[in-house]
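Working notes, beginning with the structure itself.
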Amino acid sequence: MPKGFIRWYQESTSASKLDKQVDFFRRRGIHLTHPVLGTTLVLDVEGNDIPVERRELDRLLSIRIASINVNWWLSANVNLVDEYSFNPLGFDIQTIWLDGLDPQETRLSETTLQDIALDPQIPTRSLVVDRHGVSDPEQWDSIMLYDGETVPTVPDIVITQPEVAEKILRATPVPRREEMDNGMCLLAR
């Protein structure tokens with residue numbers, strides 16, 4: 001069964017950028033620290049929650065050696081799984097999985113990621129919002145990172161650089177195109 005996701009392509013992660021993301025999310029009601037346990041939880045390979053100190057998470061993200069799955073919390077029982085992965089070209093990728101969220105929680109997650117992706121303090125290359133999983137997250141890497149020409153099935157929203165938006169528009173009709181204040185283009189179904 002397809003899973004909805006948001007895939008965020010951005011400049012390399014640093015502790016200060018994570019701090020900005022934590023603060024931005026917190027103001028929207030999404031927390032890195034579990035509201036009851038009071039700690040940050042990452043997922044091991046079996047999907048179990050493992051508590052880690054925030055300083056250790058900062059260290060793991062800064063050395064960029066492997067993907068790390070982190071939980072963000074909307075409440076004590078509702079979480080977003082956020083997979084941090086790294087690219088040797090200097091871009092980081094966050095894939096936030098939307099499965100298990102109700103429509104209101106999905107919308108909160110979506111608008112929060114759209115707003116932070118447009119924040120000039122956190123340089124973003126692209127953001128893909130696919131609420132229903134019509135594409136696979138990794139299918140977007142070629143066009144977003146490597147100057148590829150293959151365009152996956154266009155999902156609900158793509159915010160990207162103008163040259164990438166042009167490639168998408170040449171490959172498939174998209175009902176809505178909007179130029180954003182930061183120079184990026186929003187494509188939406």
Side-chain angles (χ1 to χ4, degrees), residues 1-26 28-102 105-106 108-110 112-113 116-117 122 124-146 148 150 152-153 155-156:
M1 179 172 179
K3 291 183 180 181
F5 65 89
I6 300 171
R7 192 153 174 100
W8 181 20
Y9 297 87
Q10 56 194 294
E11 300 295 329
S12 293
T13 302
S14 67
S16 64
K17 188 170 79 174
L18 181 61
D19 289 341
K20 290 174 188 171
Q21 184 177 352
V22 168
D23 185 53
F24 196 97
F25 279 29
R26 181 188 47 76
R28 302 291 181 95
I30 303 171
H31 303 276
L32 184 60
T33 303
H34 189 278
V36 174
L37 302 175
T39 189
T40 300
L41 298 170
V42 299
L43 299 174
D44 67 12
V45 294
E46 284 87 29
N48 298 311
D49 289 322
I50 306 296
V52 297
E53 294 292 324
R54 170 61 194 280
R55 188 171 51 200
E56 178 64 6
L57 178 60
D58 289 344
R59 187 186 77 75
L60 293 171
L61 291 173
S62 71
I63 58 178
R64 306 178 81 229
I65 58 172
S67 63
I68 299 170
N69 292 319
V70 177
N71 282 313
W72 291 90
W73 299 93
L74 283 75
S75 70
N77 299 317
V78 178
N79 67 308
L80 296 170
V81 174
D82 184 353
E83 177 187 337
Y84 287 79
S85 56
F86 308 101
N87 173 281
L89 298 177
F91 294 102
D92 294 348
I93 304 166
Q94 285 181 247
T95 305
I96 296 89
W97 297 101
L98 302 175
D99 52 312
L101 301 180
D102 68 28
E105 294 160 345
T106 298
L108 171 64
S109 304
E110 181 182 319
T112 299
L113 266 295
I116 198 170
I122 303 177
T124 294
R125 183 170 180 90
S126 299
L127 183 82
V128 176
V129 178
D130 188 340
R131 293 181 202 110
H132 306 288
V134 298
S135 63
D136 186 78
E138 289 81 17
Q139 291 175 324
W140 288 95
D141 293 355
S142 175
I143 193 167
M144 297 303 185
L145 298 175
Y146 304 111
T150 303
T153 302
D156 304 289

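Just so it is clear, the structure is predicted and the values come from calculations on it, not from any experiment.
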- Do the non-hydrogen side-chain atoms of Ile116 and Leu127 ever get within less than 4.5 Å of each other? no
- Query: Could you go step by step and tell me if Leu145 and Arg125 meet the side chain to side chain contact (heavy atoms under 4.5 Å, CB included) rule?
  - Reply: CA-CA 9 Å; Leu145 298 175; Arg125 183 170 180 90; 4.3 Å; yes
- Shortest non-hydrogen contact between Leu80 and Ser109, atoms and distance: CD2-OG, 3.4 Å
- Item | Residues Val22, Arg54; criterion side chain to side chain contact (heavy atoms under 4.5 Å, CB included); working and verdict | CA-CA 11 Å; Val22 168; Arg54 170 61 194 280; 3.8 Å; yes
- Could you grab the distance from atom CG of Leu60 to atom CD1 of Ile65, nearest 0.5 Å is fine? 6.5 Å
- Considering residues at least two apart in sequence or located in another chain, which fulfil the ring pair (Phe, Tyr, Trp, His ring centres under 6.0 Å) criterion with Trp72? Phe25
- In short, Pro155 meets Val134 closest at the heavy-atom pair CA-CG2, 3.9 Å
- Query: With a 6.0 Å cut-off on ring centres, are Trp73 and His34 close enough?
  - Reply: yes
- Item | Taking every non-hydrogen atom, the tightest pair across Gly38 and Thr33 | C-CG2, 3.2 Å
- Query: Between Glu105 and Leu101, which heavy-atom pair has the shortest distance, and what is it?
  - Reply: OE1-CA, 3.4 Å
- Query: What is the distance from atom OG of Ser67 to atom CZ of Phe86, rounded to the nearest 0.5 Å?
  - Reply: 8.0 Å
- In this structure, CZ of Phe91 is separated from OG of Ser85 (nearest 0.5 Å) by 13.0 Å
- Item | Validation row: Leu43, Asp49 side chains within 4.5 angstrom (heavy atoms) | yes
- Message: Run the side chain to side chain contact (heavy atoms under 4.5 Å, CB included) test on Phe5 and Asp136 for me, step by step, so that the C-alpha distance in whole Å, both residues' side-chain angles and the decisive distance to 0.1 Å come before the verdict.
- Response: CA-CA 9 Å; Phe5 65 89; Asp136 186 78; over 6 Å; no
- Query: What's the verdict on side chain to side chain contact (heavy atoms under 4.5 Å, CB included) for Leu108 and Ile30, showing C-alpha distance, side-chain angles and the deciding distance?
  - Reply: CA-CA 9 Å; Leu108 171 64; Ile30 303 171; 4.2 Å; yes
- Item | Leu32: which of Asn71, Leu41, Leu57, Asp23 passes side-chain contact (heavy atoms from CB on, under 4.5 Å) | Leu57
- Query: Is there a side-chain contact between Tyr146 and Asn87, using heavy atoms and a 4.5 Å cut-off?
  - Reply: yes
- Task: Kindly indicate whether the side chain of Val129, heavy atoms from C-beta on, has any atom under 4.5 Å from the side chain of Arg131.
- Result: yes
- Atom of Ile122, atom of Gln10 and distance for their closest heavy-atom approach: CG2-OE1, 4.1 Å
- Can you tell me how far the CH2 atom of Trp140 sits from the OG1 atom of Thr153, to the nearest 0.5 Å? 8.0 Å
- Is there side-chain contact between Pro137 and Trp97, with heavy atoms separated by less than 4.5 Å? yes
- Closest heavy-atom contact between Pro152 and Ser135? CB-CB, 4.2 Å
- Which residue, Asp92, Asp141, Asp130, forms the salt bridge (Lys or Arg N to Asp or Glu O under 4.0 Å) with Arg7? Asp141
- Note on the structure: Value for OG1 (Thr124) from CD (Gln94), rounded to nearest 0.5 Å, stands at 9.5 Å
- Note on the structure: Distance col, row Asn69:CG vs Ile50:CD1, nearest 0.5 angstrom, shows 12.0 Å
- Query: Do Leu37 and Pro51 come within less than 4.5 Å of each other through their side chains, counting heavy atoms only?
  - Reply: no
- Message: Any heavy-atom pair between the side chains of Met144 and Val128 that's under 4.5 Å?
- Response: yes
